[in-house]
2 protein chains.
Amino acid sequence: MAQRLSEDLKSSGIHPTQQRLSVFQTLTESKGHLSAEEIHGLVKSKTPRIGLATIYRTLHALKEKGLVEEHRFNDEFSRYEAKPAKHHDHLICIECGKVVEFDQPVIEQLQVAAARDNHFSIVSHRLEIYGICETCQKRRAEESSLRL
Amino acid sequence: MAQRLSEDLKSSGIHPTQQRLSVFQTLTESKGHLSAEEIHGLVKSKTPRIGLATIYRTLHALKEKGLVEEHRFNDEFSRYEAKPAKHHDHLICIECGKVVEFDQPVIEQLQVAAARDNHFSIVSHRLEIYGICETCQKRRAEESSLRL
DNA sequence: ATGAATGCAAACGCTTTGCATCGTC
DNA sequence: GACGATGCAAAGCGTTTGCATTCAT
């Protein structure tokens, strides 16, 4: 696994140091959307002396090379995820912060139409749907029934 | 105009002070996507002694009451716009930063499908398409032909 | 030995907050 | 006079940067 990731870094022109490998591996394994601080916490178990600055510098490099994506759901601080094989969009629960990935290929076509009408050449897009997840809906329902 | 805006504030439960009116009016007239600093600069011509803190406090209040929307295009600092009558999405030029609004009603239906599959109840959504606008495309073309 | 990578702490930029002052009813 | 609104300056917070040190070659 680590060997494979090391190759990925090398082939992207990133020198695979121990720290960088830890960051990339953590992000790849977690499959989540982690903040820099969260990554720092996790990576320290593998590489205890690593500093937050290295996390940020590594994330920038990985992002630059397209190995990692940066998001700012809810306009909070940045969260990072290992770049998935194919693009997907996100459902975000505004109550508990849970993020669910989905993809909806038709959107790719719709956006083309909007861009063409405005003479834009598309580079990327971002679709985020904010709502309340099933768990939070249930909890809300229970809470309100208790109140009666 | 100012009278009308004053009524809007009052009916939203916001006490329409001189400063708040200036901020709201500036945002309504500009029709753009302004940063807090830009708003501050513009508002000072109407209300010279206003501080940046008041801008932020007012924007929060307006946002809370649904009169203003906050965006973070390109993961930059926040930009604000007076809430439009109907929801629209944004095309953002990654080269010059220009923002074009568009709406694509079909997207509303697509997102419902995605949310339903994941048992989410939708509160809002955000679709941003990043690309290169016509002007920047032309400039690029000229630059590259000059280089030959 | 040389240049890249790192840790630490200081700096940064946008935003928020504490507090004394001001304005309004 | 009371209370909310404001300006100012300081603090906060995520992120970036300068610099001395460490690491790899």
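Reminder, nothing fancy here: chain letters follow the sequence lines and each chain counts from 1. The analysis underlying the following values was restricted to heavy atoms, covering all of them including side chains, and did not include hydrogens, waters or symmetry mates.
Using a 4.5 Å cut-off between side-chain heavy atoms of Ile, Leu, Val, Met, Phe, Trp and Tyr, A:Phe77 forms no hydrophobic cluster with any other residue. In the hydrophobic clustering (ILVMFWY side chains linked at under 4.5 Å, chained through shared members), A:Val99 is joined by A:Phe73, A:Ile92, A:Ile94, A:Tyr130, A:Ile132, B:Val123.
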Taking only distance into account, with no hydrogens and no angle test, what donor-acceptor pairs under 3.5 Å do side-chain atoms of residues 23-35 of chain B form with protein atoms, sequence neighbours excluded?
from	atom 1	to	atom 2	distance (Å)
B:Gln25	NE2	B:Glu29	OE2	3.0
B:Thr26	OG1	B:Ser22	O	2.7
B:Thr26	OG1	B:Lys46	NZ	3.2
B:Thr28	OG1	B:Phe24	O	2.7
B:Ser30	OG	B:Gly32	N	3.0
B:His33	NE2	B:Glu81	OE1	3.3
B:His33	NE2	B:His90	NE2	3.1
B:Ser35	OG	B:Glu38	N	3.1

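Counted by atom type alone, A:Thr47 and A:Gln19 present zero donor-acceptor pairs between their side chains at under 3.5 Å.
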| query | Passes side-chain contact (heavy atoms from CB on, under 4.5 Å), B:Tyr80 versus B:Ile39? Steps please. | reply | CA-CA 9 Å; B:Tyr80 302 84; B:Ile39 296 168; 4.2 Å; yes

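Running 5' to 3' along DNA chain C, contacts with non-hydrogen atoms of chain B at under 4.0 Å begin and end at C:dC14 to C:dG18.
For A:His60, there are no ring pair (Phe, Tyr, Trp, His ring centres under 6.0 Å) partners two or more places apart in sequence or in a different chain. For B:Arg139, the salt bridge (charged side-chain N to carboxylate O under 4.0 Å, His left out) partners are B:Glu95, B:Glu143, not counting sequence neighbours. Considering only residues two or more places apart in sequence or on other chains, A:Asn118 meets the side-chain hydrogen bond (donor to acceptor under 3.5 Å, both in side chains) condition with none of them. With sequence neighbours excluded, no residue forms a side-chain hydrogen bond (donor to acceptor under 3.5 Å, both in side chains) with B:Gln18. For B:Glu142, there are no side-chain hydrogen bond (donor to acceptor under 3.5 Å, both in side chains) partners at least two apart in sequence or on another chain.
Around atom CD of B:Glu7, more than 12 heavy atoms belonging to other residues, nucleotides or ligands sit under 6.0 Å away.
Against DNA chain D, the stretch residues 58-81 of chain A makes heavy-atom approaches under 4.0 Å through A:His60, A:Phe77, A:Ser78. Listed in residue order, the members of residues 8-30 of chain B having a heavy atom less than 4.0 Å from DNA chain C come to none. Within residues 34-57 of chain A, the residues approaching DNA chain C are A:Arg49, A:Ile50, A:Gly51, A:Ala53, A:Thr54, A:Arg57, by heavy-atom distance under 4.0 Å.
B:Arg126 and A:Asp75 are joined by a salt bridge, as a carboxylate oxygen and a charged side-chain nitrogen come within less than 4.0 angstrom of each other.
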